[in-house]
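So the structure is just underneath, and the comments pick up after that.
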Amino acid sequence: MRATLVTLKKSASSTRWLARQANDPYVKGRIGADAGGVTYRSRSSFKLISLLDKRFPKVIVDLGAAPGGWSQVIRRKARPQDLVFALDILDMEPLKGVEVLKGDFLEQAIQKRLRARIMEGIYGGALVHPDHRDHRMVDLVLSDMMGPMTGNKLADVRTSLDLVEAASAFAFANLKEAPRVGKGDPRSTGGHLVIKFFMHPDMVEFQKQVLEPRFRKVAVPKPKESRKESSEAYFVCLGYKGDPNRL
Ligand SMILES: C[S@@+](CC[C@H](N)C(=O)[O-])C[C@H]1O[C@@H](n2cnc3c(N)ncnc32)[C@H](O)[C@@H]1O
C-alpha cells in the first residue's frame, strides 16, 4: 500500500509523540511509583501537585528552640502560610506564628505529639482520611539541641550523639523525599536537615554512613559566629533522597 501524505504525517507525529512519552519523567512516574509510593493515573496529577506545592504550607521544625533565636529567623524568612514548630525541654516564650511545644525530644511520646501537631497544622479539619494523608510533609528540620555541659567530656559527647541520632531519625521519618525521577525534574528536591553536633570521630562515620547516602549534599560549614575554640559544628544536609536500603 502506498503511503499517502496524511498517513506519513500521522506516523511521523505519532513517532514524535511516542518518543516524547518515553522520555517524559511524569509519564515514567506513572509506570513506577512516586517517592511516596503512590502511582498516579495521568500526567495531570503532577500538574495538580505542582500547583498545590506553591500553595501548600512549607513545614519547618526547630528542635532545641529556646529561647527562640532560630525560630525568629525562620518566622521572618518564611511566608505567612508556612508552619513553624518549635520544641524545647525548657519553657519558651510564645512567638507569633510559631507553635511552641515543651518536652524532652529523646522521649518518643513528645515526638509523637509533635508529629500529630504537624499533621493537624497541615490538614486541620480537611476531609482527608488519615490513611490517605501524606506523612512526609516536613520541608526543614533544624536541631540546635545541646544538653547542659557537665564537664565530663565523655558524657557530654554521648548526650550530643543521642540528640543527633534522635533528630536525624525524626527527619528521616518526616522529611519530604525527593521524587525518584530524572535530573532536572521540577518537583520537590526533598527536605533539608541542619543539626548541631560536637566534633568526634563517631560523627565523621555518622556523616559518611548515615547522612551522605540519604541526602543529595552534606556539608559541614563552620559559621564564622561560632567560637574558634568551640568543638561544635553543623551538618547541613540538602535534598532528602530517602532510605538507601529502600532504593
Ligand atoms: C543552644 S540552645 C538553642 C538555642 C536556640 N537555637 C536559639 O536560637 O535560641 C540548645 C537548646 O537545646 C535544648 N535541649 C537540650 N536537650 C534537649 C532535649 N532532650 N529535648 C529538647 N530540647 C533540648 C536546651 O534546652 C536548649 O534550649
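Since this is a predicted model, take the numbers as computed values, not measurements. Start at 1 with the first residue, then count along the sequence. Every number for a ligand or one of its atoms is a count from 1 in the order of the listing.
Side-chain atoms of R113 do not come within 3.5 Å of backbone N or O of G103 as any donor-acceptor pair.
By the 4.0 Å N-to-carboxylate-O rule, R214 lies close enough to D243 to be salt-bridged with it.
In this structure, the ring-ring contact (aromatic ring centres under 6.0 Å, His included) partners of F172, at least two apart in sequence or on a different chain, are Y240.
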Write none if no such pair exists; otherwise list each N/O atom of ligand 1 with its protein N/O partner under 3.5 Å and the distance.
{"from": "ligand 1", "atom 1": "6 (N)", "to": "D144", "atom 2": "OD2", "distance (Å)": "2.8"}
{"from": "ligand 1", "atom 1": "8 (O)", "to": "G69", "atom 2": "N", "distance (Å)": "3.3"}
{"from": "ligand 1", "atom 1": "8 (O)", "to": "W70", "atom 2": "N", "distance (Å)": "2.9"}
{"from": "ligand 1", "atom 1": "9 (O)", "to": "P67", "atom 2": "N", "distance (Å)": "3.3"}
{"from": "ligand 1", "atom 1": "9 (O)", "to": "G68", "atom 2": "N", "distance (Å)": "3.1"}
{"from": "ligand 1", "atom 1": "9 (O)", "to": "G69", "atom 2": "N", "distance (Å)": "2.9"}
{"from": "ligand 1", "atom 1": "12 (O)", "to": "M146", "atom 2": "N", "distance (Å)": "3.3"}
{"from": "ligand 1", "atom 1": "19 (N)", "to": "D104", "atom 2": "OD1", "distance (Å)": "2.8"}
{"from": "ligand 1", "atom 1": "20 (N)", "to": "F105", "atom 2": "N", "distance (Å)": "2.9"}
{"from": "ligand 1", "atom 1": "22 (N)", "to": "I89", "atom 2": "N", "distance (Å)": "3.2"}
{"from": "ligand 1", "atom 1": "25 (O)", "to": "D88", "atom 2": "OD1", "distance (Å)": "2.6"}
{"from": "ligand 1", "atom 1": "27 (O)", "to": "A66", "atom 2": "O", "distance (Å)": "3.2"}
{"from": "ligand 1", "atom 1": "27 (O)", "to": "D88", "atom 2": "OD1", "distance (Å)": "3.3"}
{"from": "ligand 1", "atom 1": "27 (O)", "to": "D88", "atom 2": "OD2", "distance (Å)": "2.8"}

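By the 6.0 Å contact criterion, CG on L90 is enclosed, its count of non-hydrogen atoms from other residues, nucleotides or ligands being greater than 12.
Pairs of residues two or more places apart, or lying in two chains, that qualify as salt bridge (Lys or Arg N to Asp or Glu O under 4.0 Å) and include a residue from residues 151-160 are R158-D162. Listed by first and then second residue, the side chain to side chain donor-acceptor pair (under 3.5 Å) pairs involving residues 60-71 are D62-S71 (not counting sequence neighbours).
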